[in-house]
Amino acid sequence: GAGVSQSPSNKVTEKGKDVELRCDPISGHTALYWYRQSLGQGLEFLIYFQGNSAPDKSGLPSDRFSAERTGGSVSTLTIQRTQQEDSAVYLCASSLAITDTQYFGPGTRLTVL
Amino acid sequence: QKEVEQDPGPLSVPEGAIVSLNCTYSNSAFQYFMWYRQYSRKGPELLMYTYSSGNKEDGRFTAQVDKSSKYISLFIRDSQPSDSATYLCAVSTLSGGYQKVTFGIGTKLQVIP
């Protein structure tokens with residue numbers, strides 16, 4: 001079946017602009033996660049959703065970052081007033097339940113000039 | 001100190017060699033242990049998953065966990081050029097009702113034909 005999909009695959013933006021990154025989880029997966037992967041930093045947890053609610057937002061780096069999930073499916077990660085240090089690959093993962101294995105999408109490569 | 005330590009490599013081996021990849025972790029509360037493989041410009045894909053000390057084998061791959069030493073390993077037998085990728089170790093625990101995963105930085109492996 002279809003895996004986790006993310007769009008866009010690449011995004012180049014200018015410092016100070018807002019960006020929206022989209023994640024389509026595997027159908028039927030109730031849990032959805034966002035991670036950031038930077039060179040030399042590994043995967044950094046940002047936020048997770050159970051249904052449409054986000055019980056753990058502890059990984060969001062600043063109040064410029066926000067995320068929502070609608071209909072228990074698609075999620076959008078929004079970064080406002082982007083900074084150069086926001087450049088990274090943003091990965092989304094989903095799992096059938098919050099205790100299950102996470103399956104990753106291909107990521108969105110964000111470059112902030 | 002990072003919760004999970006992993007040598008980033010790169011590690012270069014000839015085709016057919018046995019590869020040993022390792023991680024250490026600091027928190028004995030971690031209950032689940034995983035290895036992910038990540039090809040260039042792709043999302044991580046789950047290779048091995050275990051929750052107990054000992055060995056788990058799947059084809060050419062063997063995952064080994066030593067909880068007393070807080071040490072996890074992945075062995076790849078008869079390595080192939082197609083195994084060239086970055087290998088991420090991951091540990092997790094049920095925290096706040098969900099499986100919170102912490103990743104190592106990843107070891108980049110190159111198998112030379």
Side-chain angles (χ1 to χ4, degrees), chain A residues 2-11 21 23-26 29-51 53-59 69 88-111, chain B residues 1-10 21-27 29-51 56 58 61 63 72 85-109:
Chain A
V4 178
S5 61
Q6 292 185 247
S7 61
S9 54
N10 284 284
K11 177 71 177 179
L21 312 179
C23 172
D24 280 88
I26 293 172
H29 280 197
T30 61
L32 186 148
Y33 309 79
W34 283 98
Y35 294 88
R36 180 168 69 175
Q37 188 174 34
S38 307
L39 270 176
Q41 299 278 19
L43 265 78
E44 174 190 3
F45 168 79
L46 297 178
I47 187 172
Y48 102 94
F49 289 89
Q50 172 59 26
S53 64
D56 189 352
K57 307 179 185 180
S58 62
R69 189 179 185 195
V89 177
Y90 289 83
L91 288 158
C92 173
S94 70
S95 63
L96 190 60
I98 56 176
T99 55
D100 288 333
T101 304
Q102 298 176 23
Y103 295 89
F104 283 83
T108 293
R109 184 172 297 270
L110 175 66
T111 303
Chain B
Q1 181 189 8
K2 289 183 179 179
E3 288 190 289
V4 181
E5 298 278 0
Q6 183 176 14
D7 186 336
L21 304 168
N22 310 293
C23 289
T24 58
Y25 61 95
S26 58
N27 190 344
F30 289 126
Q31 302 163 293
Y32 306 95
F33 308 92
M34 292 148 281
W35 284 94
Y36 282 81
R37 177 175 62 195
Q38 186 175 21
Y39 290 113
S40 182
R41 295 189 174 261
K42 301 285 187 184
E45 58 176 322
L46 182 68
L47 268 182
M48 304 285 283
Y49 179 98
T50 184
Y51 56 87
K56 181 175 182 179
D58 184 0
F61 298 89
I72 58 177
T86 296
Y87 290 80
L88 303 159
C89 64
V91 296
S92 72
T93 186
L94 289 179
S95 172
Y98 82 101
Q99 191 171 155
K100 186 163 187 174
V101 183
T102 303
F103 290 85
I105 199 169
T107 299
K108 188 169 184 177
L109 171 68

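Order of the sequence lines sets the chain letters (A, B, ...), proteins ahead of strands, with each chain counted from 1.
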Practice prompt. For this output row, return yes or no: ring centroids of B:Y36 and B:F103 closer than 6.0 angstrom.
Written response: yes
Residues 90-97 of chain A vs chain B, non-hydrogen distance cutoff under 4.5 Å, contacting residues -> A:L91
One should read off an interatomic distance between A:Y48 OH and A:S58 OG, to the nearest 0.5 angstrom, of 10.5 Å
Separation between CH2 (A:W34) and CG (A:L32), nearest 0.5 Å, reads 7.0 Å
Before we go on, tell me: are the rings of A:F49 and A:Y33 under 6.0 Å apart, centre to centre? no
Okay, A:Q6 and chain B: the region with an atom under 4.5 Å from a heavy atom over there is neither
Give the C-alpha distance, both sets of side-chain angles, the deciding distance and a yes or no for side chain to side chain contact (heavy atoms under 4.5 Å, CB included) between B:Y87 and B:Q38. CA-CA 6 Å; B:Y87 290 80; B:Q38 186 175 21; over 6 Å; no
- Cut-off 3.5 Å, side chains only: do B:E3 and B:S26 have a donor facing an acceptor? no
Heaviest contributor of heavy-atom pairs below 4.5 Å to chain A, chosen from B:V101, B:T86, B:T102, is B:V101
Side chain to side chain, B:M48 and B:D58, heavy atoms closer than 4.5 Å: yes
Under 4.5 Å to a heavy atom of chain B? For A:S38 that would be neither
Any non-hydrogen side-chain atom of B:P44 less than 4.5 Å from a side-chain atom of B:R37? no
Okay, A:F45 and chain B: the region with an atom under 4.5 Å from a heavy atom over there is side chain
Cut-off 4.5 Å, heavy atoms of chain A, and the answer for B:Q6 is neither
